[in-house]
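As the structure lists them, so they are numbered: ligands from 1, and atoms in each ligand from 1. We count residues from 1, following the sequence as given.
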Amino acid sequence: MLQNQSIGVFDSGVGGTTILKEILKLLPNENILYYGDSGNAPYGQKTTEEIQKLCCKILDFFTANNCKAVVIACNTATAAALDRLTNLYSVPIIGVIAAGAKGAIKVTKNNKINILATPFTVSSMAYIKELEKLSKKLSITQEGCPEFCPMIESGWESHPEREKIIANHVAKLSPEADTLILGCTHYPIIKEDIQKFFSGTIVDPAKETALQLYSLLKLNDGFNSENKKGKVDFFVSGDKEIFKNVAEKFLGFKINNIYSVDK
Ligand code: DGL
């Protein structure tokens with residue numbers, strides 16, 4: 001692994017910034033290329049083939065830029081393409097679903113777990129498979145939320161129906177579960193709104209994913225050896241200004257290096 005090369009992080013849009021934020025806390029010296037495919041969002045209502053094709057395009061971009069590791073900061077893309085990408089590309093690739101499942105197992109006390117995710121992630125059963133690798137005594141309820149990603153991409157706060165939409169989806173979950181996995185990386189952006197309707201522990205895969213990346217770099221002696229703060233470059237296939245507004249608000253810093261890429 002080449003220590004001073006960048007790490008590629010991608011999502012269907014702004015959601016992956018929830019993972020990026022934790023990576024920056026844990027690995028501040030790393031240079032990151034963040035790819036937000038907002039021109040093709042939402043991924044959650046596409047087919048496996050469509051998502052895999054989009055992911056390959058992004059992996060081609062990262063490998064052309066010599067990335068030393070890639071984080072799929074998107075549950076839907078992890079469910080649809082992690083295995084395929086791992087077979088096709090030699091760069092080490094990390095997804096978010098194993099991290100989310102691990103995080104939930106750590107906190108649940110009654111083994112009843114709720115999941116909010118995109119319709120694709122829900123029907124892929126990816127979380128259920130991952131959770132069941134870790135424990136056989138779980139009761140799991142999942143709910144697909146097709147409206148969440150498009151609304152978060154376009155500025156959630158201005159949506160008048162947001163609380164009603166969240167309440168309707170949370171009402172379909174198990175009232176007995178003590179743990180809720182945010183199974184889409186966009187959802188931590190609206191965590192405070194979700195928390196109003198769920199009183200248990202909310203699990204966001206971001207911290208666990210950043211830890212997994214840290215371990216990967218450590219194992220491969222891959223930490224950036226330059227003793228200075230790393231840089232993040234953003235590549236966006238949709239509207240740059242809309243991306244910038246939502247991402248800056250969540251990340252808490254100004255984004256200067258932002259470039260357009262083709263859809
Ligand atoms: N942020 C994504 C996820 O974690 C995808 C949302 C979407 O594009 O539908 O699933």
If you look only at distance, which donor and acceptor atoms sit under 3.5 Å apart when one is on a side chain in residues 89-99 and the other is two or more places apart or in another chain?
unit_1 : atom_1 : unit_2 : atom_2 : d
Tyr89  : OH     : Cys56  : O      : 3.1
Tyr89  : OH     : Asp60  : OD1    : 2.7

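Look at Lys53 and Glu50 and you find no salt bridge, because none of the NZ, NE, NH1 or NH2 atoms lies under 4.0 Å from a carboxylate O. Using a 4.0 Å cut-off between charged nitrogen and carboxylate oxygen, Asp193 and Arg162 count as a salt-bridge pair.
Note: Phe223 and Tyr214 have tilted aromatic rings, judged against thresholds of 30 and 60 degrees for the angle between ring planes.
Not less than 6.0 angstrom separates the ring centroid of Tyr259 from the ring centroid of Phe234.
For ligand 1, residues of the protein lying within 4.0 angstrom by heavy-atom distance are Asp11, Ser12, Pro42, Tyr43, Gly44, Cys74, Asn75, Thr76, Thr118, Cys149, Cys184, Thr185, His186.
The cationic group of Lys21 lies under 6.0 Å from the six-membered ring centre of Phe250 and within 45° of the ring axis, placing it in a cation-pi geometry.
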